[in-house]
Every structure is written in C-alpha cells, then in structure tokens.
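The block underneath contains the structure these notes are about, expressed in structure tokens.
Computed from heavy atoms alone, side chains included, the values below leave out hydrogens, waters and symmetry copies. Throughout, protein chains are lettered first and strands after them, A, B, ... in sequence-line order, and every chain is numbered starting at 1.
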Protein chains: 2
Amino acid sequence: MGMKFQMMQPAQITELLRRRQITPTSQRVKIAGTLFAGPAHFCAEDVYARVNEDDAEVSKATVYNTLGLFVAKGLVRQVFVEPGKVFYDSNTQPHHHFYDSGTGELTDIDAVGVALHELPPLPADTELDGVDVIVRIRQRQSKDRPA
Amino acid sequence: MGMKFQMMQPAQITELLRRRQITPTSQRVKIAGTLFAGPAHFCAEDVYARVNEDDAEVSKATVYNTLGLFVAKGLVRQVFVEPGKVFYDSNTQPHHHFYDSGTGELTDIDAVGVALHELPPLPADTELDGVDVIVRIRQRQSKDRPA
DNA sequence: GGTTAGACTTAGAACTATTCTAAGTCTATA
DNA sequence: TATAGACTTAGAATAGTTCTAAGTCTAACC
C-alpha cells in the first residue's frame, strides 16, 4: 500500500497483472505502468498520449481494450463526470471525488464511510455494485477579488 | 409540490417557464410538458421521441438546445451514469439515484441529507455546485433461482 | 528448442451522442 | 404592423468510443 504510486518496475507490474489473471503483454504492462505511476486520474486520451510519449507503440484500440479489461478485473475504476468524458482511476480504495467542471480537474476525497450507512434498502432482487459520490465544485467568484 | 407530475395544462407550463425567465415558445412548452408529465428520467432521445410522437414537429437540435437551457435555468438536472448517456431529471428536489447498468434504469432515492454533513472542506477558492450520489446496483444472481 | 491454437494488437472504418452552422421563422415590443 | 433579435431547423461536423478483419504474439505442448 502506497507503493502502488511510486514508479513500479516492469517485473512488479507483471506480477500485479498475473495476480488478477491478466496475461501481461508488453502493451498491458506499459499501460499499467502509466496508470500506477500516479497521479491517479486519466482519461483514455491521456493514457494513449503517455504510453506513446516517445514513439507510437500502442494503438488506440488497445488502450480502450486494455482499460476495459482492467475495469472488468477490478484494477481500475471508471468515473463518469460529463458526457463523453470518462476518467480511469487507479486508486481502488473506497473514496469519492471533487470535480471542477470549469478546470476539468478531478480530485480524490478520502472515503469517510458516510453515504452507505443511511441508504434506503436496495430494490428487490438487486445487489450493490458500487457507490459513486461526485461533489461538483466551481471556482468562487469572490467579491474581494473579482475575476 | 406533487402537482408537477400530474399532466399540466399548457397555460401552467407557460407560467412555469416565464417564472424562470424562459420565453415560452411552442417547442419549449411541448418539451417541458413531456419532462414534467413524469416519470422523471429521460435521455435526449426519449424526449425527442415523445415530443414527436404524432408527427415530427421539434428538431433534434432544438431538443438539445432546450434541455441545455432548462439545465442552465435550473428547471431540470443532468445525471451522468455512463459515457454517452445523459439523463435529464425533472425532479429538482435534492435526491440521489439508483442506477442499474444492466437494465439502464435510473430510480430516485429520497435525499436523506447524508453525504453533505461529513464532507471534507472544499478546495481553496471553490464553492459547492452540487453533490451527485449514484448507487450502482445489479440484478442479484440468486443461488435459489439461478439465471 | 520448435509448433501451434487461440489470444492479442492493429489501422482504419463505423457508430453514437452531441454540437455547430447558416439560413429561415417567430416573438414581443413599439 | 414593423422590426430586431431570439429561436428553430436540416444537415454537416465533431469527439469519443467500438467494431472489423487481418496480422502478430504468447504460452502450452511436444
């Protein structure tokens, strides 16, 4: 814990993928390396850009396939904040988010274990899949320092 | 309160729009009539289909423009649950949502005033814009009644 | 160390939801 | 009733994502 957001060695990443039953191809290792090198929030385009910083080596289709696979395997989590904008969050601890639609910035809120307690019972024959809490914020228009 | 989700007369809708400083054109009245005739959750496509049930009279561009205007004026609220899927919610009371990604169904949760209490302080120079709580659920795979 | 079936990756086309554009129409005010 | 500006429209454009079909790699077996 905590180590995840240091730079990880390829061997560590390979191990991490294997533990989740993911065949560690070179593309997947590269993408996981990017996701876990923090900061923790990327959209697909960010991942594509970072993975190909030097030279285009991973296709867009693979980035999407891989992110989808990682979500399915529980390695990363999707956060939906706007139509046509999905963030992939490599922090899988329970936590919530601040989202500033002006800047497009997404920030973690340490889970305080709040919302779940007082939820009403789930609808019949359903089970919990996750709780997303997004606190939308905007830059304050201060009277002292008018924009 | 409560009346909003009975069928409203055009005159009432016109009044509602004027109160929000929205010029009540025939298209806007028709769209508002649809939104407030409940149930409370529609995507743009739903609205477009309902408004043109008899005969195409309102263009897609106008549906989007009008929904955007209603959001800006606080008449309806957007709910983001999946990439490329925005719901428009004509219930503007504080409340949260269940979302079943299997069925695509969105259901209201009466606000219990929970999440806000224990939030950490907002980042510097920002103010609150809203809190979205989405409880993701899925159909239960019961051992008694296997799918 | 080779073979090989199936899994993975790729470029580019296709698709979907949404926004834009530019021209025509309507509204509300005088 | 005239008019300026707001509103609506069809269709093109865009952005993000998924699909397709062909080639490449992986790992399990010999």
Side-chain angles (χ1 to χ4, degrees), chain A residues 10-11 13-15 17-34 41-52 55-73 75-76 78-88 101 104 106, chain B residues 10-11 13-15 17-34 41-52 55-73 75-76 78-88 101 104 106:
Chain A
I13 294 172
T14 295
E15 222 1 79
L17 295 183
R18 278 198 210 284
R19 246 182 273 132
R20 299 269 182 166
Q21 329 263 32
I22 299 170
T23 303
T25 65
S26 67
Q27 292 88 343
R28 288 170 180 177
V29 170
K30 207 162 185 198
I31 291 171
T34 296
H41 304 120
F42 302 93
C43 64
E45 196 60 41
D46 295 336
V47 174
Y48 178 72
R50 291 201 182 214
V51 160
N52 293 312
D55 212 351
E57 291 158 33
V58 181
S59 72
K60 209 161 258 193
T62 295
V63 169
Y64 278 102
N65 288 343
T66 301
L67 289 173
L69 177 69
F70 286 2
V71 169
K73 297 290 189 178
L75 258 186
V76 303
Q78 288 178 306
V79 184
F80 307 107
V81 291
E82 286 188 13
K85 181 136 226 174
V86 181
F87 282 101
Y88 292 85
S101 56
L106 191 68
Chain B
I13 294 171
T14 295
E15 220 2 77
L17 296 182
R18 277 198 211 285
R19 246 181 275 132
R20 299 270 183 164
Q21 328 263 35
I22 299 169
T23 303
T25 66
S26 67
Q27 291 89 342
R28 288 169 180 178
V29 170
K30 207 161 183 197
I31 290 170
T34 295
H41 305 120
F42 302 92
C43 63
E45 197 60 42
D46 295 335
V47 173
Y48 178 72
R50 290 200 182 215
V51 159
N52 293 312
D55 213 350
E57 292 158 34
V58 182
S59 73
K60 209 162 259 191
T62 295
V63 169
Y64 278 101
N65 288 343
T66 301
L67 290 172
L69 178 68
F70 286 1
V71 169
K73 296 290 187 175
L75 258 185
V76 304
Q78 288 178 307
V79 185
F80 307 106
V81 289
E82 286 189 13
K85 180 138 226 175
V86 182
F87 282 101
Y88 293 86
S101 57
L106 191 69

Please write out the pairs of protein N or O atoms and N or O atoms of nucleotides 4-7 of chain D separated by less than 3.5 Å, giving the distance to one decimal.
from: D:dC7; atom 1: OP1; to: B:R28; atom 2: NH1; distance (Å): 3.1
from: D:dC7; atom 1: OP1; to: B:R28; atom 2: NH2; distance (Å): 3.4
from: D:dC7; atom 1: O5'; to: B:R28; atom 2: NH2; distance (Å): 3.4

Using salt bridge (Lys or Arg N to Asp or Glu O under 4.0 Å) as the criterion, list what pairs up with [X], not counting sequence neighbours.
X	value
B:E57	B:K30
B:K73	none
A:E82	none

> Hey, what bend do you get for the helix from C:dG1-D:dC30 to C:dA30-D:dT1 if you fit axes on five pairs at each end, rounded to 10°?
Replying inline: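 End axes: 30° apart.
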May I have the distance from [X] (atom [atom1]) to [N] (atom [atom2]), rounded to whole angstrom?
X	N	atom1	atom2	value
A:F80	D:dG16	CZ	C1'	13 Å
B:L17	C:dA28	CG	C1'	16 Å
A:Q78	D:dG16	CD	P	15 Å
B:L67	D:dT8	CG	P	12 Å

Please enumerate all residues that pass side-chain hydrogen bond (donor to acceptor under 3.5 Å, both in side chains) together with [X], with sequence neighbours excluded.
X	value
A:S59	A:T62
B:Y88	B:Q78
A:E15	none

> Nearest heavy-atom pair of A:F87 and A:H41: which atoms, and what distance?
Replying inline: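 So the minimum-distance heavy-atom pair works out to CD2-CB, 4.2 Å.
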side-chain contact (heavy atoms from CB on, under 4.5 Å) partners for [X], two or more places apart:
X	value
A:R50	A:T34, A:F42, A:E53
B:P24	B:T14, B:L17, B:R18, B:V29
A:T23	A:T25, A:R28

>> Just verifying a value: how many Å separate B:F80 CZ and A:K85 NZ, rounded to the nearest 0.5 Å?
In response: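 Spacing of CZ (B:F80) from NZ (A:K85) equals 12.5 Å.
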Nucleotide N/O of nucleotides 11-21 of chain C paired with protein N/O under 3.5 Å:
from: C:dT18; atom 1: OP2; to: B:Y64; atom 2: OH; distance (Å): 2.5
from: C:dT18; atom 1: O5'; to: B:Y64; atom 2: OH; distance (Å): 3.4

> For A:E82, which contact category applies under a 4.0 Å heavy-atom criterion: base, sugar-phosphate, or nothing?
Replying inline: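 No contact.
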